Amino acid sequence: MTDWWQGAVFYQVYPRSFADSDGDGIGDIQGIIGRLDHLRGAPDSLGVDAIWLSPVYPSPQVDFGYDVANYTDVDPVFGTLADMDRLIDECHERGLRILLDLVPCHTSDQHPWFHASRSSLSDPHRDWYVWADAAPDGGPPNNWTAVFGGPAWTLDATTGQYFAHTFYPHQPQLNWRNPAMAQAVHAAMRFWLARGIDGFRVDAIQAAVKDERLRDNPPAGPPDRWFPRLDSDFTAQEHLWDLDRPEVHDVVRGLRRVADEYGALLVGELYAPLERLAAYLAGGGREEFQLAFNFELLHATWRRDSLALAIERSEALHPAGTWPTYALSNHDQSRHASRFGRHRARAAAFLLLTLRGAPFLYAGEEIGMVDAPASAMPGHDRAGRDPQRTPMQWDASAGGGFTAGAPWLPLADPDVVNVEAQRGDPDSLLSFYRRLIRARKTSRALATGEHRSIFGLDADALAFIREADQERVLVALNVGDAPCRLDLSQWARSLMRLVGTHAAPASHTEMDPRSVELRPLEGVCLRID
Ligand code: BGC
């Protein structure tokens, strides 16, 4: 039996920027409900199968919701619990599943748990967070650095101890060695699962457990392909003692036990080479996460060899019986239409939606949204991620159809790309995403088939065969800026075109396997026998 998520197409909704229903310039749940037909349930819907909602919990918004002040409520800026219940129902009525964002490694410093914990050394919640005495010189307990810069420790004057934080100081580190704390997070999971959600995207899970002896991290090794060395405090050390600790797997197994009570999906967010990610898919995806974010493609450059390596690593390093994921963009990363160039957005989407695995789309990529100019951003996010978080562009109006008020972030370019202009245009990027997602619905080979790469065709050609039951689909993409001609006769006696990035060429007749022409950035899916 195939699980619902195998073959599913996922779509990340960044609530703050998706649709604003009350004119305050900030997206909200009612706004999302009003736009669900864009995703599924109408004849011209995109046709995705599930949404992942970034956090809508009460939060001071220092890290835009990833600093949670209450795990079992909705921040008034986004709406109410009743709104969330309605969103869940409206999704399910459309056959759309909904994942919330579970942020288990830290809370906001405004969470009541942390208020109690920092109040005194003897408070029952003290050990729900990671506290330690100062080093002999009065400084932080060790040399760990935080993702957003500076030490990963902050001195708390009330009790004279330091508390740990992997990210901002406003995000104190929860202590997963404390069973009462673990049970409280599990209870929060059950609160939402009982309301009908279909699972969680699990935030920054590698950070869940810290070395008990608080050992210093060593300096970073030589720059490697995986983590291009940003010159930041964080990347200047190897995070051996504060990330990816073996005990994290016990935490994940605990989360999975709760998810399994409801048959729910867990998607782990893991910024790690696949060699390390594989362990989080233990037991063929039955013991820890069913899915985990695979960022190989997201970190690739737009060159055939870089893309091919990302694909081969994904195929070779996902354990047998597990289902990969792919993503090109999300709320933390520069949009791929900016990274690769807008003219490559269609070719990139073609790859994302034909590879073996669960594709995760990021709101706006389906119309080719790019990063807004950093110079136009107010700098709300101290980590500089505003450009990729600008409001969704529904139409060409000044507010982009996102809000009738003043948007919390300036829109990028609604006059250039927007849903309204593309919805009815068969040649638009949006229509291409819709066509390709539909093709996956009618082709088991594309949706859940096996993958076998083909090399040696052309320096700029990516090609692979997807196969399921008796159906074989050959996928070929010219990533270059010049035409190329492929001889596919070794793999196919005859070809039938299923879907492609470009309209079939005027001279399109029965394609000759010995000579398949691809225009620059052209991709085709060919049913072969
Ligand atoms: C989220 C970021 C957030 C960080 C801390 C990441 O996984 O995607 O947006 O800043 O975790 O919660």
Side-chain angles (χ1 to χ4, degrees), residues 10-18 27 51-71 75 99-111 114 129-130 144-150 152 154 164-174 176 185 188 200-210 227 230 232 234-235 239 242-244 248 251-252 255 266-272 277 280 289 291-295 298-299 325 327-335 360-363 371 379-390 409:
F10 292 78
Y11 184 98
Q12 179 189 2
V13 170
Y14 192 69
R16 201 173 179 85
S17 294
F18 196 67
I51 60 173
W52 147 34
L53 204 59
S54 282
V56 291
Y57 315 111
S59 163
Q61 302 292 321
V62 172
D63 191 14
F64 293 97
Y66 285 95
D67 47 325
V68 179
N70 179 342
Y71 282 111
D75 193 298
L99 307 182
L100 295 190
D101 211 317
L102 180 69
V103 187
C105 298
H106 46 265
T107 67
S108 160
D109 59 357
Q110 301 308 308
H111 197 297
F114 190 65
Y129 291 84
V130 177
W144 297 346
T145 51
V147 172
F148 296 136
T154 293
H165 48 85
T166 306
F167 297 92
Y168 291 123
H170 310 75
Q171 296 170 292
Q173 176 73 31
L174 284 167
W176 275 91
V185 173
F200 292 98
R201 174 265 193 187
V202 181
D203 181 69
I205 193 61
Q206 296 144 287
V209 179
K210 309 303 177 189
F227 275 112
L230 311 174
S232 80
F234 184 70
T235 56
H239 289 270
D242 55 341
L243 291 182
D244 255 342
V248 172
V251 173
V252 178
L255 302 180
L266 294 184
V267 186
E269 185 211 23
L270 292 153
Y271 276 98
L277 180 145
Y280 290 89
F289 293 124
L291 299 176
F293 281 110
N294 160 25
F295 291 123
L298 190 144
H299 285 286
T325 69
L328 290 170
S329 294
N330 62 39
H331 66 294
D332 293 324
Q333 307 294 332
S334 166
R335 285 181 176 274
F360 276 75
L361 311 183
Y362 175 48
D371 297 339
H380 288 318
D381 179 60
R382 299 173 222 177
R385 297 167 291 182
D386 287 351
Q388 55 264 35
R389 297 175 173 185
T390 59
L409 271 182

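Here the structure is a predicted model, which is why all the values come from computation and not from measurement. Just follow the structure's listing: the first ligand is 1, and inside any ligand the first atom is 1.
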How about Ser59 and Asp75: does a side-chain donor come under 3.5 Å of a side-chain acceptor? no

Hey, can you tell me if Tyr362 and His331 have their rings parallel, tilted or perpendicular (30° and 60° cut-offs)? tilted

Under 6.0 Å between ring centres, would you say that holds for Tyr168 and His106? no

When the ring centroid of Phe64 is compared with that of Tyr66, is the distance short of 6.0 Å? no

Between His111 and Tyr71, what is the ring plane arrangement, given parallel below 30°, perpendicular above 60°, and tilted in between? tilted

Dump the pairs for me: ligand 1 N or O, protein N or O, distance under 3.5 Å, to 0.1 Å.
| residue | atom | partner | partner atom | Å |
| --- | --- | --- | --- | --- |
| ligand 1 | 7 (O) | Asp203 | OD1 | 2.7 |
| ligand 1 | 7 (O) | Glu269 | OE1 | 2.3 |
| ligand 1 | 7 (O) | Glu269 | OE2 | 2.6 |
| ligand 1 | 8 (O) | Arg201 | NH2 | 3.0 |
| ligand 1 | 8 (O) | His331 | NE2 | 2.9 |
| ligand 1 | 8 (O) | Asp332 | OD2 | 2.5 |
| ligand 1 | 9 (O) | His331 | NE2 | 3.0 |
| ligand 1 | 9 (O) | Asp332 | OD1 | 2.7 |
| ligand 1 | 9 (O) | Arg385 | NH1 | 3.2 |
| ligand 1 | 10 (O) | Asp63 | OD1 | 3.1 |
| ligand 1 | 10 (O) | Asp63 | OD2 | 2.6 |
| ligand 1 | 10 (O) | Arg385 | NH1 | 3.0 |
| ligand 1 | 11 (O) | Asp203 | OD1 | 2.9 |
| ligand 1 | 11 (O) | Asp203 | OD2 | 3.3 |
| ligand 1 | 12 (O) | His106 | NE2 | 3.0 |
| ligand 1 | 12 (O) | Asp203 | OD2 | 2.9 |

Sorted by chain and number, sequence neighbours left out, salt bridge (charged side-chain N to carboxylate O under 4.0 Å, His left out) with Arg389 holds for Asp332, Asp381

